[in-house]
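Below: one structure, written as structure tokens.
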Amino acid sequence: MIGSTCTGVISLASESETFAHPRPSVNGKLSVHGTRLLDKNGKAVMLRGLSTHGLTWFPDFINDNFFKQLSTDWDCDLIRLAMYSEIYVQNPSGSLQLMEKGIEYAINHDMYVIVDWHILNDSNPKIYENQSNEFFRYISSKYPDCPNIIYEICNEPNGSTTWNDIYEYSENIIPAIRSNSPESVIIVGTPFWSQQLLEVSNRPLDYDNIMYALHFYVSTHKKELQDVLIEAHNRGLPVFVSECGISEASGNGYADFDSAAVWFKLLEDNGISFTVWNLSNKAETSALFSTSYVPSQPFTDGDLTPVGLWVKDIIKNHN
Ligand code: IDC
């Protein structure tokens with residue numbers, strides 16, 4: 001494990017950029033008020049970021065220069081570190097090492113960072129609840145009160161997992177994090193692959209600084225899920241799009257850029273923060289880098305897939 005602190009960051013934002021590209025060195029600790037994410041001065045912010053693929057599958061993408069370039073060239077202010085829980089439980093130290101490196105590099109380059117307990121095939125977060133508690137206790141004690149870190153406690157509950165299961169799980173995990181980082185922002189996954197916000201809005205968790213995950217893949221999910229987002233927002237539920245993809249729900253297939261434009265306008269119009277899946281060179285539509293890209297090298301636009309080029313533009317120029 002590598003040592004890290006929350007100090008020594010390089011400032012990359014100016015006052016006028018506060019809303020557009022919030023930076024931990026300028027905007028500091030975030031908090032949740034109503035549907036909004038606010039900075040340390042109470043100003044509304046919107047984070048625009050990128051999600052790694054599974055940390056242990058594409059470990060070469062967790063490197064300091066790569067994170068630096070995303071931060072400086074793309075004005076990326078948020079990185080999500082996707083740590084598959086099923087992989088973690090088999091070999092905790094392998095996953096932890098990459099998680100800690102990722103956190104350190106995000107801090108070095110003045111980005112917010114989501115620590116993602118990436119449940120997927122293990123459809124119910126209660127399956128590995130003890131390991132999750134141990135993991136979040138460890139990370140939050142290693143980086144107590146770190147303003148960069150946002151916790152995401154269960155990527156996508158699915159199968160027969162109910163909101164009640166997630167509610168009970170959250171009542172175990174949230175206090176574990178808060179015992180070290182009392183004011184941290186925590187994103188909670190929602191039933192049916194983080195799509196069922198409306199059920200949650202009937203019985204939200206009784207803690208401060210909680211946001212609820214909505215995940216979408218633009219070529220599969222369209223108006224029906226957009227209506228869910230709008231309704232949840234209207235009901236006052238704080239939503240964070242902690243994962244979305246410019247592909248079908250498989251991560252592959254057709255990239256519907258028209259649908260993507262509708263989705264991202266909705267996010268921009270409502271100030272809803274997001275990260276886009278995925279920072280890898282895998283041969284799949286949602287990957288931002290082409291298969292020939294070598295992640296130890298600096299990248300140019302020529303190393304990006306069509307999806308990568310599109311995503312760079314929304315991160316940098318948010319139009
Ligand atoms: C996908 C990856 C793919 C991998 C698969 C299984 O893109 O390469 O083989 O997982 O691990 C999600 C999940 C995310 C999925 C993604 C695309 O959070 O792990 O990644 N997706 O299927 N939810 C909806 C879509």
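Whatever order the structure lists them in is the order used to number ligands and atoms, beginning at 1. As a basis for the values below, the full set of heavy atoms in this structure was taken, side chains included, without hydrogen atoms, waters or symmetry mates. The model shown is predicted, which means the values in this text are computed figures rather than measured ones. Residues: numbered from 1 along the sequence shown.
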Problem set entry | SB check D269 K265 (cutoff 4.0 Å) | yes

For this session: Search all heavy atoms of L120 against all heavy atoms of N155 and return the closest pair with its distance.
Result: CD1-ND2, 4.2 Å

Problem set entry | ligand 1: protein residues within heavy-atom distance under 4.0 Å | H53, W57, Y84, H118, L120, N155, E156, Y217, E243, A249, S250, G251, W277, K282, E284

For this session: Please find out if less than 6.0 Å separates the ring center of H318 from that of W74.
Result: no

Cut-off 3.5 Å, no hydrogens considered: what does the side-chain donor-acceptor table look like for residues 206-215, sequence neighbours left out?
unit_1: N209; atom_1: OD1; unit_2: V32; atom_2: N; d: 2.9
unit_1: N209; atom_1: ND2; unit_2: E183; atom_2: O; d: 3.1
unit_1: Y212; atom_1: OH; unit_2: L205; atom_2: N; d: 2.9
unit_1: H215; atom_1: ND1; unit_2: E156; atom_2: OE2; d: 2.7
unit_1: H215; atom_1: NE2; unit_2: S242; atom_2: OG; d: 2.8
unit_1: H215; atom_1: NE2; unit_2: E243; atom_2: N; d: 3.4

For this session: Give a yes or no on whether the ring-centroid distance for Y105 and F66 is below 6.0 angstrom.
Result: no

Exercise. For S184, does its backbone N or O pair with a side-chain atom of S181 as donor and acceptor, under 3.5 Å?
Worked result: no

